[in-house]
Amino acid sequence: MIIDAHVHAGEYYRHYTAAFAEEMMATTGMPPEALTAPEGRLLAHMDDAGVDRAFLLAFDVWRIEGFKVPNEFVAAICARHPDRFTGFASVDAGTPGAADELRRAVTELGLAGLKTAPCYLRMSPADPRWNDVYEVAQELDVPVLVHTGYTPAKKADPRFFSPRLLDRVAADFPGLRLILAHLGTPWTDTALDLMSRHSRVYADLSIFSWYRPAATVAAALARARSLGVLDRLLWGTDHPFCTMTDSVSRMRELAAADSLWPDGTALTPAEYASLMGGAAAGLLAATHGGTIR
Ligand SMILES: [Zn+2]
């Protein structure tokens, strides 16, 4: 089973502002209008790439950017295609009622995870305002996917890019399952060290695995292997910022070419299967009562 662990819901004219789309797409070589994932196109891209399921993300940056991809919108797509999507809610801890909104999104809308965007919201992921949100996520046993690493969004605060900020959160909420988005690119060593210290910290490979040179990706995966955390890495694309077919090809290349790897040993079939979906399925199976949804 192939699971893309990082896919953005949302449509260009309906949700995103033009300014945000311009800033975000500038680094991808795609036009701003490409920041759109209408349901039919998204399913077609998944089918083309052989992707069985995607973690589909809401995105609440209303307070700073003046737009959001609402939880209800994501929940409606997931309800229409429960066999293809696992929905992640998004809340802003800088806006009153965030923890209640997460509870409602999980218990009433059926969403199965949380996506947070701390640097976009100009606050640290370790800001105490997140504590009641993390408590609800821990209580409901839903994973929290946190943006870590660089973003070209001009209003984002670079003080809050580093995955190191999650160290305190992982220590304070030992039952919480955290996913570090983009393996903290470019601070991938920091992200891997965090994973080695906290057994419930995962990371996704979106953006990193496609936009960095293949040998750089192989070096990070080899380091993950040596630290014993490779089984908590989840392949993902960040679609529509990266195409699924390109990203799957890159992973196949990494699995096939021993010469790319610092120790001369490419991914084994078991490691490849784990990265491409096994680890993500295991994460879902380990949370909210064992049902994959
Ligand atoms: Zn993303």
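Read the numbers this way: they start at 1 and go in the same order the structure lists the ligands and their atoms. All values below come from the heavy atoms of this structure, side chains included, with hydrogens, waters and symmetry mates left out.
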Quiz prompt | His15/Phe73 aromatic ring centres below 6.0 Å | solution =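 Yes, the ring of His15 comes within the 6.0 Å limit of the ring of Phe73, centre to centre.
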
Quiz item: What do you reckon, are the aromatic ring centroids of Tyr120 and Phe59 less than 6.0 Å apart?
Solution: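 Yes; Phe59 has its ring centre under 6.0 Å from that of Tyr120.
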
Practice problem: Rounded to the nearest 10 degrees, what's the angle NE2 of His6 makes with OD1 of Asp238 at the Zn ion (ligand 1)? Could you check? | Solution: 90°

Quiz item: From the Zn ion (ligand 1) out to just under 2.8 Å, does an N/O/S atom of His147 turn up?
Solution: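 No, outside the cut-off.
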
Self-check item: Metal check, the Zn ion (ligand 1) vs His182 N/O/S, cut-off below 2.8 Å
Solution: no

Quiz item: Name of the His8 N, O or S atom nearest the Zn ion (ligand 1)?
Solution: NE2

Self-check item: Any donor-acceptor N or O pair under 3.5 Å, side chains Asp238, His8
Solution: yes

Quiz item: Should the heavy atoms of other residues, nucleotides or ligands under 6.0 Å from CH2 of Trp62 be counted, would the total exceed 12?
Solution: no

